Amino acid sequence: MPTSSASTTDSAKSSAGGGVQSLERAFDLLERMADAGGEVGLSELSATSGLPLPTIHRLMRTLVACGYVRQQPNRRYALGPRLIRLGESASRLLGTWARPYLARLVEETGETANMALLDGDEIVYVAQVPSKHSMRMFTEVGRRVLPHSTGVGKALLAGVPDEEVRALLARTGMPAATEKTITTPEGFLAALEDVRQLGYAVDDNEQEIGVRCLAVSVPESPTAAAISISGPAGRVTEAATEKIVPVLQQIALELSQALASSGA
């Protein structure tokens, strides 16, 4: 019997809906893997996502075949190398989008402005506009650092539950970049509480002696992002902080609104 056009349309809609749901679930699994440090077992994914094991297994097989996930010898799954190219391209585009806002930050504060993302367990700098001072800070775009010794790291992790922060610190360790670096989980969690109370983060000679950084997160950014200014400790004083922080917060808000309106 010929199939009616109505039933064909309904079937197509059902198929499309199923495809969209599978796509949403696959992306959700990738994000859960990233939140867990990049490597998980199927049972962990099932526990956190609420999806049945057969569904997760089917989705993971597809992601492995596409190169977005790889299976380890221990049968656990890890994020795959094909994601690197996508992530690097997206980071560059986000950095390009942010540069006009960072340029305004330099104009209004006089110090070097940066944008950084939380990529797995690391901070990666995706954009910078240098200060016009002859003595200025420079961080190479693409540089990766551990979050515990940076202002942007504190700003980004202040919104993460303490138990997840502890797990991250256990994976990365807390090596000292300087004698001022926080090297205990308790000390770092106390610093994050200060960030929540104050609304901004400080790196006070913790990454490099003689350098102070002030940072805030970009609210509701599509990926966890923060902007900061960095400069010599002699210029980024407590008095300067009172003037710089409101500028940082305002520009972070405007950047957030621009990203939302662009659909980024």
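From a predicted model like this one, the values you see are computed outputs, not experimental measurements. Side-chain atoms are counted along with the backbone in the values below, which use heavy atoms only and exclude waters and symmetry mates.
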Where do Ser46 and Leu51 land on the side chain to side chain contact (heavy atoms under 4.5 Å, CB included) test, with the steps shown first? CA-CA 5 Å; Ser46 180; Leu51 294 175; 5.8 Å; no
More than 12 heavy atoms of other groups within 6.0 Å of Glu186 CD: yes
Side-chain ion pair, [X] and [Y], N-O less than 4.0 Å:
X: Arg166; Y: Asp162; result: no
X: Glu254; Y: Arg104; result: yes
X: Lys154; Y: Asp203; result: no

[atom1] of [X] to [atom2] of [Y]: how many Å apart, nearest 0.5 Å?
X: Arg70; Y: Leu63; atom1: CZ; atom2: CG; answer: 14.0 Å
X: His148; Y: Gln207; atom1: NE2; atom2: CD; answer: 8.0 Å
X: Thr48; Y: Ile56; atom1: OG1; atom2: CD1; answer: 7.0 Å
X: Ile251; Y: Ser256; atom1: CD1; atom2: OG; answer: 13.5 Å
X: Arg212; Y: Lys180; atom1: CZ; atom2: NZ; answer: 8.5 Å
X: Met115; Y: Arg99; atom1: CE; atom2: CZ; answer: 12.5 Å

Main-chain N/O of [Y] paired with [X] side-chain donor or acceptor, under 3.5 Å:
X: Thr184; Y: Gly187; value: yes
X: Ser217; Y: Pro219; value: no
X: Asp121; Y: Thr172; value: no

Grab the two heavy atoms, one from [X] and one from [Y], that are nearest each other, plus how far apart they are.
X: Pro147; Y: Glu122; result: CD-CA, 4.5 Å
X: Thr150; Y: Gly153; result: OG1-N, 2.9 Å
X: Gly173; Y: Leu146; result: O-CD1, 4.2 Å
X: Leu105; Y: Ala113; result: CD2-CB, 3.8 Å
X: Gly110; Y: Ser131; result: O-OG, 2.7 Å

Establish, from distance only, whether the side-chain atoms of Ser228 and Asn114 form a donor-acceptor pair under 3.5 Å. yes
Contacts of [X] that satisfy side-chain hydrogen bond (donor to acceptor under 3.5 Å, both in side chains) - sequence neighbours left out:
X: Glu107; result: Lys132
X: Glu193; result: Arg196, Gln197
X: His57; result: Arg61

Identify each donor-acceptor pair in which a side-chain atom of residues 241-249 lies under 3.5 Å from a protein atom, sequence neighbours left out, and give them as a table.
from	atom 1	to	atom 2	distance (Å)
Thr241	OG1	Thr237	O	2.8
Gln249	NE2	Gly199	O	3.3

Cluster question for you: counting only ILVMFWY and a side-chain heavy-atom cut-off of under 4.5 Å, with indirect links fine, are [X] and [Y] together?
X: Val106; Y: Ile229; value: yes
X: Leu253; Y: Leu198; value: no
X: Val195; Y: Val218; value: no
X: Leu30; Y: Leu53; value: yes

Salt bridge (charged side-chain N to carboxylate O under 4.0 Å, His left out) partners of Asp194, counting only residues at least two apart: none
When you compare the side chain of [Y] with that of [X], does any pair of heavy atoms fall below 4.5 Å?
X: Glu164; Y: Pro161; result: yes
X: Leu45; Y: Met33; result: yes
X: Asp28; Y: Ser49; result: yes
X: Val236; Y: Ser230; result: no
X: Glu179; Y: Glu206; result: no

Connecting only ILVMFWY residues whose side-chain heavy atoms lie within less than 4.5 Å of each other, what is the rest of Ile182's hydrophobic cluster? Leu118, Ile123, Tyr125, Val145, Val152, Leu156, Leu157, Val160, Val165, Leu168, Leu169, Met174, Phe188, Leu189, Leu192
Dump the intermediate steps for side chain to side chain contact (heavy atoms under 4.5 Å, CB included) on Arg32 and Val40, then the final yes or no. CA-CA 9 Å; Arg32 290 179 187 278; Val40 295; over 6 Å; no
For Arg58 and Ser22, what are the C-alpha separation, side-chain angles and deciding distance, and is it a side chain to side chain contact (heavy atoms under 4.5 Å, CB included)? CA-CA 10 Å; Arg58 174 175 55 82; Ser22 293; 4.0 Å; yes
Would Val202 and Cys213 satisfy side chain to side chain contact (heavy atoms under 4.5 Å, CB included), going step by step from the backbone distance to the final call? CA-CA 6 Å; Val202 181; Cys213 300; over 6 Å; no
Using the side chain to side chain contact (heavy atoms under 4.5 Å, CB included) rule, pick out the option among Met60, Glu39, Glu44 that qualifies with Tyr77.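 For Tyr77, the side chain to side chain contact (heavy atoms under 4.5 Å, CB included) check succeeds only for Met60.
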